Amino acid sequence: MQFRSANTLPREMGLFKASDGQIYVSTVPSPEVDMLRDRLVSRQSKLSVGKNPRKISLPADNDGICEILLDIDSRKGAPVSVMLSNDEGDYVDMVYNPSESTLTFDRRKSGVTDFSQDFPAVTVAPTFSYDDSTLKLRIFVDRSSIEVFEADGKFAMTNLVFPTAPYNRISFSADGGKADIRNLKIFSIKDVND
């Protein structure tokens, strides 16, 4: 049969009431996913970012598979870019726009994309962060997928990617303003084949 989807991490579902008065489904990784963490490879309590990207290396072991926790505090309401990239020039750009309460995921330059005209795409999710400029994210980088969760489960995004080499760095920038990346933690993930 034609491929239509992707496996995702196990999740727990719930309900939440957003500021628009509507009830939505929430989704977070199941607590058992925490057991996949190996070692803490990077930790930053606060990283101030502006127009020039601030770069941090991702773990090289296990093909760069990792979990990234971070809080984005956009003090001036400027869009904040979180980019995963490699030395081959492949990248994924995730942009939090607090004024529009959205997170966009751009995989047009993510690696191999020429197998379908529909694959190079930008997807958008509402963040439901109307009253606060801070967005808490949990990002899982796998060999051919990236999953992004809002910490309380208010949104989740899963995107397939086919980089020509593992993503080996994450960078942060805020075009048109200043922002802080807080509580950044990067964990390597255990190789379950060992």
Side-chain angles (χ1 to χ4, degrees), residues 9 11-12 14 16 18-19 24 26-31 33-60 64-86 91-107 123-142 145-159 167-189:
L9 291 168
R11 301 178 182 192
E12 292 194 350
F16 72 95
S19 59
Y24 296 91
S26 64
T27 182
V28 294
S30 298
V33 170
D34 292 352
M35 292 186 296
L36 295 173
R37 287 181 185 160
D38 194 6
R39 58 188 176 82
L40 181 64
V41 296
S42 185
R43 175 185 215 142
Q44 299 273 339
S45 58
K46 181 180 172 187
L47 190 66
S48 294
V49 298
K51 189 171 186 171
N52 294 325
R54 301 281 304 263
K55 299 176 183 178
I56 296 175
S57 295
L58 294 175
I65 297 173
C66 62
E67 177 187 1
I68 304 165
L69 305 172
L70 65 112
D71 301 344
I72 302 173
D73 181 3
S74 182
R75 299 175 299 213
K76 305 256 185 199
V80 179
S81 167
V82 178
M83 184 179 289
L84 300 170
S85 61
N86 63 25
Y91 66 89
V92 167
D93 194 16
M94 295 168 274
V95 178
Y96 169 48
N97 189 329
S99 64
E100 295 179 6
S101 295
T102 59
L103 182 84
T104 60
F105 188 108
D106 184 345
R107 69 177 181 190
T123 55
V124 182
T127 63
F128 299 101
S129 58
Y130 303 108
D131 302 325
D132 189 2
S133 63
T134 300
L135 182 67
K136 297 175 183 286
L137 296 178
R138 190 172 181 190
I139 303 169
F140 292 87
V141 181
D142 203 346
S145 69
I146 298 172
E147 294 197 72
V148 183
F149 295 87
E150 191 273 337
D152 295 327
K154 293 180 181 173
F155 75 85
M157 299 177 86
T158 300
N159 279 285
Y167 299 122
N168 60 0
R169 73 185 149 273
I170 186 168
S171 60
F172 306 96
S173 61
D175 196 13
K178 297 283 185 190
D180 290 329
I181 304 301
R182 299 181 188 274
N183 306 314
L184 174 66
K185 294 178 184 173
I186 302 174
F187 294 93
S188 60
I189 298 292

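Because the structure is a prediction, the values reported are computed rather than measured.
Phe16 and Ser26 get closest at one heavy-atom pair: CD2-CB, 3.7 Å. Nearest heavy atoms, Ile189 versus Cys66: CG1-CA, 3.6 Å.
With sequence neighbours excluded, the residues satisfying side-chain contact (heavy atoms from CB on, under 4.5 Å) with Ala78 are Ser74. Every residue two or more places apart in sequence or in another chain that forms a side chain to side chain donor-acceptor pair (under 3.5 Å) with Ser99 is listed here: Asn97. Evaluation of the side chain to side chain donor-acceptor pair (under 3.5 Å) rule for Glu147 yields Arg11, Thr158 as partners, not counting sequence neighbours. Listed by chain and residue number, Arg37, Arg138 satisfy the side-chain contact (heavy atoms from CB on, under 4.5 Å) test with Asp34 (two or more places apart in sequence, or in another chain). Shown here are the side-chain contact (heavy atoms from CB on, under 4.5 Å) partners of Val95, two or more places apart in sequence or in another chain: Pro79, Ser81, Asp93, Thr104.
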All N/O donor-acceptor pairs, side-chain side in residues 171-188, below 3.5 Å, sequence neighbours left out:
residue, atom, partner, partner atom, Å
Asp180, OD1, Ser48, OG, 3.1
Asp180, OD1, Arg75, NH1, 3.3
Asp180, OD2, Arg75, NH1, 3.1
Asp180, OD2, Arg182, NH2, 3.0
Asn183, ND2, Asp71, OD2, 2.7
Ser188, OG, Arg39, N, 3.2
Ser188, OG, Arg39, O, 3.4

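Separating the NZ atom in Lys136 from the CG atom in Asp73 is a distance of 9.5 Å, to the nearest 0.5 Å. We find the CG-CD1 distance between Leu70 and Ile170 to be 6.0 Å, quoted to the nearest 0.5 Å. Taking OH from Tyr91 and CG from Leu84, the interatomic distance works out to 12.5 Å, rounded to the nearest 0.5 Å. Distance check: Asn168 CG to Asn86 CG gives 6.0 Å after rounding to the nearest 0.5 Å. Summarising the geometry, atom CD1 belonging to Ile146 is positioned 5.0 Å from atom OH belonging to Tyr167; distances are rounded to the nearest 0.5 Å.
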(request) Verify side-chain contact (heavy atoms from CB on, under 4.5 Å) between Asp152 and Val28, making sure each step is shown before the conclusion. (result) CA-CA 7 Å; Asp152 295 327; Val28 294; over 6 Å; no
(request) Could you check Thr127 against Glu150 for side-chain contact (heavy atoms from CB on, under 4.5 Å), going step by step and ending with a plain yes or no? (result) CA-CA 8 Å; Thr127 63; Glu150 191 273 337; 6.0 Å; no
(request) Take Val92 and Asp106 through the test side-chain contact (heavy atoms from CB on, under 4.5 Å) and record every step on the way to the result. (result) CA-CA 6 Å; Val92 167; Asp106 184 345; over 6 Å; no
(message) Using the rule given for ring-ring contact (aromatic ring centres under 6.0 Å, His included), can you reason through Tyr24 versus Phe128, listing the C-alpha separation, both sets of side-chain angles and the distance that settles it, and then say yes or no?
(response) CA-CA 10 Å; Tyr24 296 91; Phe128 299 101; 4.6 Å; yes
(request) Go through Ile72 and Val82 one step at a time and tell me if the side-chain contact (heavy atoms from CB on, under 4.5 Å) criterion holds. (result) CA-CA 9 Å; Ile72 302 173; Val82 178; 3.9 Å; yes
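Under the 30°/60° scheme for interplanar angles, the aromatic rings of Phe149 and Phe140 are found to stand perpendicular.
At distances below 3.5 Å, not a single donor-acceptor pair connects side-chain atoms of Gln44 with backbone N or O atoms of Leu47. For Glu100 (side chain) and Thr102 (main-chain N/O), no donor-acceptor pair under 3.5 Å exists by modelled atom type.
Side-chain contact of Ser85 with Arg169: a donor-acceptor pair under 3.5 Å is present, judged by distance alone.
Among residues at least two apart or in separate chains, there is no salt bridge (Lys or Arg N to Asp or Glu O under 4.0 Å) pair with a member in residues 51-60.
A heavy-atom distance below 4.5 Å is found between the side chains of Val148 and Phe155.
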